[in-house]
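Here is the structure we will look at.
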Amino acid sequence: MSDSSTTPRAEIRHDFRSSEPRWQQAWAERRCFSVPDVPAADKPKYYVLEMFPYPSGKIHMGHVRNYTLGDVVARYKRARGFQVMHPMGWDAFGLPAENAARERGIHPGKWTYDNIANMRAELKRMGLSIEWEREFATCDVEYYGQQQALFLDFFKAGLVERKEAWVNWDPVDGTVLANEQVIDGRGWRSGALVEKKLLPNWAFGITKFAPQLLEALGTLDRWPERVKLMQANWIGRSEGARFSFKLTAEAAPPTGTVEVFTTRPDTLYGMSFMAVAAEHPLAAAAAERDPAIAEFVAECRRMGTSEAAIEQAEKRGIDTGFRVAHPFIEGATFPVWIANFVLMEYGTGALFGCPAHDERDFEFATKYGLPILQVVAPASGAQVKLPFTDEGVAINSGPFDGLGTVEAKRAAIARLEALGVGKGVTNWRLRDWGVSRQRYWGCPIPFIHCDDCGVVPVPKAELPVRLPDDVDFSRPGNPLDHHPTWKHVNCPACGKAARRETDTFDTFVDSSWYFARFCSPRAAEPVTREAVNSWLPVDQYIGGIEHAILHLLYSRFFTRGMQVTGHLAVEEPFAGLFTQGMVTHESYKGADGRWLYPDEIDISAGPDGSRSAIVKGGNEPVTIGRVEAMSKSKRNTVDPGFIIDKYGADTARWYILSDNPPERDMEWTESGVAGAHRFIQRLYRLAAAPGGGSDAAASRKLRQATHRTIQAVTEAWESFSFNVAVARIHELGNAVADADAADAAARREALEALARLASPAMPHLAEELWALLHPGTTQLVAELPWLEADPSLLKAETLTLAVQVLGKLRATIEVPVGADEATVFAAAEAEENVQRALEGRPIRKRIHVKGRVVNFVV
RNA sequence: GCCCACUUGGCGGAAUGGUAGACGCAGCGGACUUAAAAUCCGCAACCCGCAAGGGUGUGCCGGUUCGAGUCCGGCAGUGGGCACCA
């Protein structure tokens, strides 16, 4: 360390390269971040969790932001006297590991665990207050084995079903594709035309919980409104009716009735056709009789999800020749069409078309020349252009004429019920969650298929069902399926030869309960009740908005499921949710249009402030492109490891918090990082040579600044206004630097406060400053309680009031605290500028807001 | 198409209905240095003015209020979510 008495301030440098690892070691040795599986009774608990990373190989700036935000909360809450659980793990199953195996011949397990080792080391360099003893990866057999046990419990409780589902099937790769993996109707890897195929699938009965999942959103008062809204839309509750139409005899179809769902039973008199999905049984029946229909059905089935977008929503259909009878109008029959806009997965896969009051039905009817009959008119009686989709008054609707839309719906449902053909129902957009994937690198589904006994669960005593290590990725399809021995087992029920289920779980299953496992990560059961019931719910969950729907909804479902199976006793997994913004960066292109990394270029600023760039070490011009989310393809990424090498972890952490509110996207700039680093060096220099004068007024002023900052920064950390906390700490830093005349005690107090207030964000620097100010101490800032502001120092002796005339600022005045109104008004009126603005006009009203403003109305 | 959010200097942003632009980045001027880096001091919304000061100003139009970036209504733009949802 430099001798501050002889070294000029500007020469003192903080050596973060040796200092940061030293403090990390000190925290680890003192076990500062460890908590018991069951929290102690003498302190409140607080569970901070950031969405665990996928081990892709390296951490990226999004991780740095996510884990810094979480660490601020964890360290702050710890100082506030909470016992804080702050664990870390790995969402380690998934396709990239299999891709690595196929492309580079590395075993998925080795690839994954090597990546974890790398990323763990990088995260440790960030100085996060994580309890590493709780770490696990979802691909650890100790984890996925417990997941299998949990699945069997869910199965027993009736929360799991095996059912047929329409899937995107890639015939070349022999696997099911997610919608996102179907590009222009073709498989993303094979390029083969994707088929819609009906496949048996394991599915969680999430729809059973649809009402509760929707309802409980109202209790999540520390969740962002927009996330709750997105979930509500996704669950998609709608009120309507489900009822049957009789097929008429003349066309003789295979079944007697067709069921439809509608939200507008009041428009039933305006019906002009029925439409069914291409996958509907009636469509299949029609296809058998008519090759043209068969061709149309096949065409619809080929149409992948995104091809619909290419076709720009063009409505197409074909008449089946079948007809249905209207439930209310004697003798009226309507044609049944197959239409490409009807979804088999929603409602019943069939609907009645009322062109006058529905956009799509109108477009369809217009195209195919079907009748359009208006049965709802606006309450005002005005003429309207069809389709009219608002509420109004029923017309041309027999007994319903004159009823408002709400009453007409009720009347129509009552009549359908009286006729015994249907009833009022609540329909949900949410579908059951299919979890079967034809993949190797996932959790095996613990079931066995027996020709005699059917689908049989693996007995719990035989768990875990381990993934085999010797797998062959040279063939397409699922390696588990064509493994020579793995799937061949005897049936647990009858003992005869049978086959293992070779599908593995969707990786969303792995992440739907990991937060619960963290409470007792080594338990020989999925969770221990005492641990989860005392630690859950997670008090603060932090992650990207991209998980606003699926991950969070599945986790909410799992928590409810685990309540049913008796594993835990909480309803909601995450009491508080914070969604962070992305980290963005400028993008750069060379003369030939290739993307360039930021460290491949040099930027210079012109005299007018304009910026230009060239390729490093040459003169090739570079185009500075848009600021956008960091991505490998645009090469606008910055490697956190490189930043930590160059500036240290505290600089990276401080900068990522400083520039803007954490929920918004932030732009990463090299100059911003350098600015953050300058501030750190500045604080270090101040603490290394605190100095001090003897001016009492300056001392008091600094002390007031210190205590106001304590108050402001506390509020800011508390409320996720992290950029404001940074600004207030900067201000106090400036105040200390400017207060050379303040006495040594006041300067020390300010510097100690700076160390402690900044410690959630810059934990290493905080320890370093504390050690500078307390030579020889063994005390760690990580173990100190939070600072309290002294109320007597928060009050000023004088106040600055704004003086307005008619709401316009004309002057400011200094008045003693507690001055009475008359004194304040007199002082205000005495101001020269105020007099000028009053122009001698009489004052009609005097307004005084204590400590803020005086306003004269003339 | 439906739903939601956002819109403040050159840039990121700050502001319990009460002095708009804190703090930072970039910029400019100066000190130190042979020089550079580092550091320190200062300037900085726009328009008029030497200045004192005045005027304008938080996407646009209007309203509530003594007083609006903030509350209310409408419009525009940007971003996001969902979508042949019957």
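In what follows, chains carry the letters A, B, and so on, assigned in the order in which the sequence lines appear, proteins first and then strands, with residues in each chain numbered from 1.
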With respect to the side chain of [X], which nucleotide from [options] is positioned closest?
{"X": "Asn723(A)", "options": "G81(B), A14(B), C84(B)", "result": "A14(B)"}
{"X": "Arg360(A)", "options": "G12(B), G18(B), C85(B)", "result": "C85(B)"}
{"X": "Thr262(A)", "options": "A86(B), A26(B), A14(B)", "result": "A86(B)"}
{"X": "Arg852(A)", "options": "G24(B), A14(B), G18(B)", "result": "G18(B)"}

Rounded to the nearest Å, what distance is computed from the [atom1] atom of residue [X] to the [atom2] atom of nucleotide [N]?
{"X": "Glu731(A)", "N": "A15(B)", "atom1": "CD", "atom2": "C1'", "result": "12 Å"}
{"X": "Arg226(A)", "N": "A5(B)", "atom1": "CZ", "atom2": "P", "result": "11 Å"}
{"X": "Glu663(A)", "N": "G13(B)", "atom1": "CD", "atom2": "C1'", "result": "12 Å"}
{"X": "Tyr655(A)", "N": "G13(B)", "atom1": "OH", "atom2": "C1'", "result": "12 Å"}
{"X": "Ile545(A)", "N": "G80(B)", "atom1": "CD1", "atom2": "C1'", "result": "8 Å"}
{"X": "Met666(A)", "N": "G12(B)", "atom1": "CE", "atom2": "P", "result": "13 Å"}
{"X": "Asn427(A)", "N": "A83(B)", "atom1": "CG", "atom2": "P", "result": "15 Å"}
{"X": "Arg728(A)", "N": "G24(B)", "atom1": "CZ", "atom2": "C1'", "result": "12 Å"}

May I ask you to verify if any side-chain N or O of [X] is less than 4.0 angstrom from the OP1 or OP2 atom of [N]?
{"X": "Arg316(A)", "N": "C84(B)", "value": "no"}
{"X": "Asn660(A)", "N": "G24(B)", "value": "no"}
{"X": "Arg13(A)", "N": "A37(B)", "value": "no"}

Distance between the [atom1] atoms of [N] and [M], in whole angstroms?
{"N": "U70(B)", "M": "G18(B)", "atom1": "C1'", "value": "11 Å"}
{"N": "G80(B)", "M": "C71(B)", "atom1": "C1'", "value": "25 Å"}
{"N": "U58(B)", "M": "G69(B)", "atom1": "P", "value": "7 Å"}
{"N": "A15(B)", "M": "G67(B)", "atom1": "C1'", "value": "16 Å"}
{"N": "G24(B)", "M": "C46(B)", "atom1": "C1'", "value": "22 Å"}
{"N": "G9(B)", "M": "G79(B)", "atom1": "C1'", "value": "22 Å"}
{"N": "C6(B)", "M": "G17(B)", "atom1": "P", "value": "15 Å"}
{"N": "A14(B)", "M": "C23(B)", "atom1": "C1'", "value": "8 Å"}

So what does [X] hit on the nucleic acid, given a heavy-atom distance under 4.0 Å: a base, only sugar-phosphate, or nothing?
{"X": "Ser658(A)", "result": "nothing"}
{"X": "Thr812(A)", "result": "base"}
{"X": "Leu343(A)", "result": "base"}
{"X": "Arg846(A)", "result": "nothing"}
{"X": "Arg237(A)", "result": "nothing"}
{"X": "Asn855(A)", "result": "base"}
{"X": "Val849(A)", "result": "base"}
{"X": "Asp665(A)", "result": "nothing"}
{"X": "Thr348(A)", "result": "nothing"}

For this session: Identify whether the distance between the nearest side-chain nitrogen and carboxylate oxygen of Arg264(A) and Asp266(A) falls below 4.0 Å.
Result: yes
Problem set entry | 5'-most by nearest nucleotide on RNA chain B - Glu359(A) or Val854(A) | Glu359(A)
If we call it a pair only when both distances are under 3.5 Å in a Watson-Crick or G-U wobble match, what pairs with [N]?
{"N": "C85(B)", "value": "none"}
{"N": "G42(B)", "value": "C28(B)"}
{"N": "G62(B)", "value": "C72(B)"}
{"N": "A36(B)", "value": "none"}
{"N": "G77(B)", "value": "C6(B)"}
{"N": "A22(B)", "value": "none"}
{"N": "G67(B)", "value": "none"}

For this session: Scan Thr262(A), Val375(A), Leu373(A), Val324(A) and name whichever one has a side chain to side chain contact (heavy atoms under 4.5 Å, CB included) with Met271(A).
Result: Val324(A)
Exercise. Is the gap between the ring centers of Phe273(A) and Phe364(A) under 6.0 Å?
Worked result: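 Phe273(A) vs Phe364(A): aromatic centres under 6.0 Å.
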Exercise. Does the side chain of Glu829(A) come within less than 4.5 Å of Ile813(A)'s, by heavy atoms?
Worked result: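 Answer no - side chains too far apart.
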Exercise. Do Arg316(A) and Phe296(A) come close enough that some side-chain heavy atom pair is under 4.5 Å?
Worked result: yes
Exercise. In terms of side-chain heavy atoms, does Arg682(A) have a donor or acceptor partner in Asn734(A) at a distance below 3.5 Å?
Worked result: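 A donor-acceptor contact under 3.5 Å links the two side chains.
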Exercise. Between the side chains of Arg556(A) and Gln231(A), does any donor sit under 3.5 Å from an acceptor?
Worked result: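 Present: a donor and an acceptor within the cut-off.
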Problem set entry | Residue from Tyr684(A), Tyr655(A), Tyr647(A) passing ring-ring contact (aromatic ring centres under 6.0 Å, His included) with His677(A) | Tyr647(A)
